[in-house]
Amino acid sequence: MLDLAIIGGGPAGLTAGLYATRGGLKNVVMYEKGMPGGQITQSSEVENYPGIERVVTGMELMEPWPKQCMRFGLKHEMAEVERVLKEDNHFKIILNDGREEKALSVIVCTGSTPKKAGFKGEDEFFGRGVSTCATCDGFFYKDKEVAVLGGGDTALEEALYLANICKKVYLIHRRDKFRAAPSTVLRVKNNDKIELILNTTVKEAYGSNMGLEGLILVDKENKERDLKVPGIFVFVGMDVNNKVLKQEDGSFLCEVNQNGQVVVDLRMRTNIDGLFAAGDIRIEAPRQVVCAAGDGATAALSALSYVESLKG
Ligand code: FAD
Ligand code: NAP
């Protein structure tokens, strides 16, 4: 029986592991289906993590975390969790390879993943011109023209990153006001390699077996425009990864809100004793690395007192 199972190895999960093991929990496993680090490893520039003065890539930021967080005995298991069930006074963790594990407490830190925009051809050309990761795929478009879709921090920051590599970046946004930080908006507006296409959405992506060839855009007046680009980067927000909490009958193990975000209190406790959530998965998450890490620490401290109370 594990003292604590942590699901997800992003900033929240890693920090939860550090605090739980340093705080004295003995048998703590962090399940992470890929490499620890989380979604920030896809970011090309991070400039708002306190203590890191220079602008770093997400990969650079996260590189030292696993080593530090595992120093006190946290075990990393590279496995995908299928589902968490509650049984009497413990939880059952079901892995997607069929294995099962029992744990006294669980912290869910599964984060979020990029949303789809919903235009025709988005799935067909995914990985062949449609991308959600500029650091991963930007280099394929060196000295070419590309499009970026979205008006939030991610879209604008990644447009700036792509402008360093590509000949030109068309930033397509469905309104004329951006959600991104004002300083980022200013940098985008001052970048002469970025052309803004506002009040416009993507209707269709078209191409051939070789990949994407262009986009049909449509503006507020229903006027269409053919934009010939070999690549589009879609940054239209994130969906929370709450699948592990879904039970066989379709209900959730704990309370979630209308967007599927896990309802927690200020100690990251869900409405189920021994079950905690931290990071982007929780209600009102500010979706920042520093906040996810803080949540992870809070959840671990709550799990510590919960397990101590069970053991007496
Ligand atoms: P995540 O980082 O999403 O980590 C969740 C982890 O859980 C993932 O590694 C995933 O593989 C794993 N997982 C999911 N489901 C399972 C499962 N069933 N079984 C096992 N493992 C699972 N924030 C900032 O503060 N500054 C920035 O500059 C910034 N830039 C960003 C740029 C981009 C392009 C993106 C996408 C995000 C950016 N963010 C930024 C937001 C930041 O990355 C997130 O807020 C933060 O990573 C959330 O951490 P988390 O631990 O909650 O979740
Ligand atoms: P976001 O803030 O939710 O922005 C999504 C953008 O996509 C919005 O501009 C939205 O338009 C647009 N959009 C949504 N659905 C669309 C569709 N179907 N077609 C076309 N456009 C669509 O998402 P995000 O930029 O990924 O950011 C997520 C969170 O992470 C935010 O809280 C953000 O602040 C944070 N983050 C922070 C940093 C940083 O601090 N440096 C960096 C990256 C991300 P509308 O504006 O019209 O709704």
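In this chain, numbering begins with 1 at the start of the sequence shown. The shown structure was predicted, so the numbers you read here are calculated from the model rather than taken from an experiment. Atoms within each ligand, like the ligands themselves, are counted from 1 in listed order.
- Heavy-atom distances between K177 and ligand 2 stay at or above 4.0 Å for every pair.
- For ligand 2, the polar-atom distance check against T154 finds a nitrogen or oxygen pair separated by under 3.5 Å.
- When all heavy atoms are compared, the tightest approach of F276 to A299 is CB-CB, 4.2 Å.
- Between G150 and ligand 2, no pair of N/O atoms sits closer than 3.5 Å.
- Listed by first and then second residue, the ring pair (Phe, Tyr, Trp, His ring centres under 6.0 Å) pairs that reach into residues 55-111 are Y49-W65, sequence neighbours excluded.
- Note on residues 166-195: pairs passing ring pair (Phe, Tyr, Trp, His ring centres under 6.0 Å), not counting sequence neighbours, are H173-F178.
- Looking at E47, Q288, R287, it is R287 that brings a heavy atom closest to atom 29 (C) of ligand 2.
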I'd like to know whether D153 forms a salt bridge (Lys or Arg N to Asp or Glu O under 4.0 Å) with R179, so could you lay out the CA-CA distance, the side-chain angles of the two residues, the decisive distance to 0.1 Å, and finally the verdict. CA-CA 7 Å; D153 280 305; R179 271 175 203 277; over 6 Å; no
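- Residue nearest to atom 16 (C) of ligand 2, selected from R179, Q39, R174, E157: R174 (by heavy-atom distance).
- For an aromatic pair to be called close, the ring centres must be under 6.0 Å apart, and Y141 with F233 satisfies this.
- Contacts with ligand 1 closer than 4.0 Å are made by side-chain heavy atoms of V244 only, the backbone lying farther away.
- The heavy atom nearest to atom 6 (C) of ligand 2, out of those in P114, A181, S183, G151, is found in G151.
- With 3.5 Å as the limit, one finds no donor-acceptor pair spanning the side chains of T184 and E157.
- When hydrogens are left out, the protein atom nearest atom 52 (O) of ligand 1 is D280 N, 2.9 Å; that is the closest non-hydrogen contact.
- Close approach to Y31 involves these atoms of ligand 1, each under 4.0 Å from a residue heavy atom: 20 (C), 21 (N).
- V46 and S43 make their closest contact through CG2-OG, 4.0 Å (heavy atoms, listed as atom of the first residue, atom of the second, distance).
- At a 4.0 Å cut-off, at least one heavy atom of N48 sits close enough to ligand 2 to count as contact.
- With atom 23 (O) of ligand 2 as the reference point, the heavy atom nearest to it among A180, C291, G237, G58 is part of G237.
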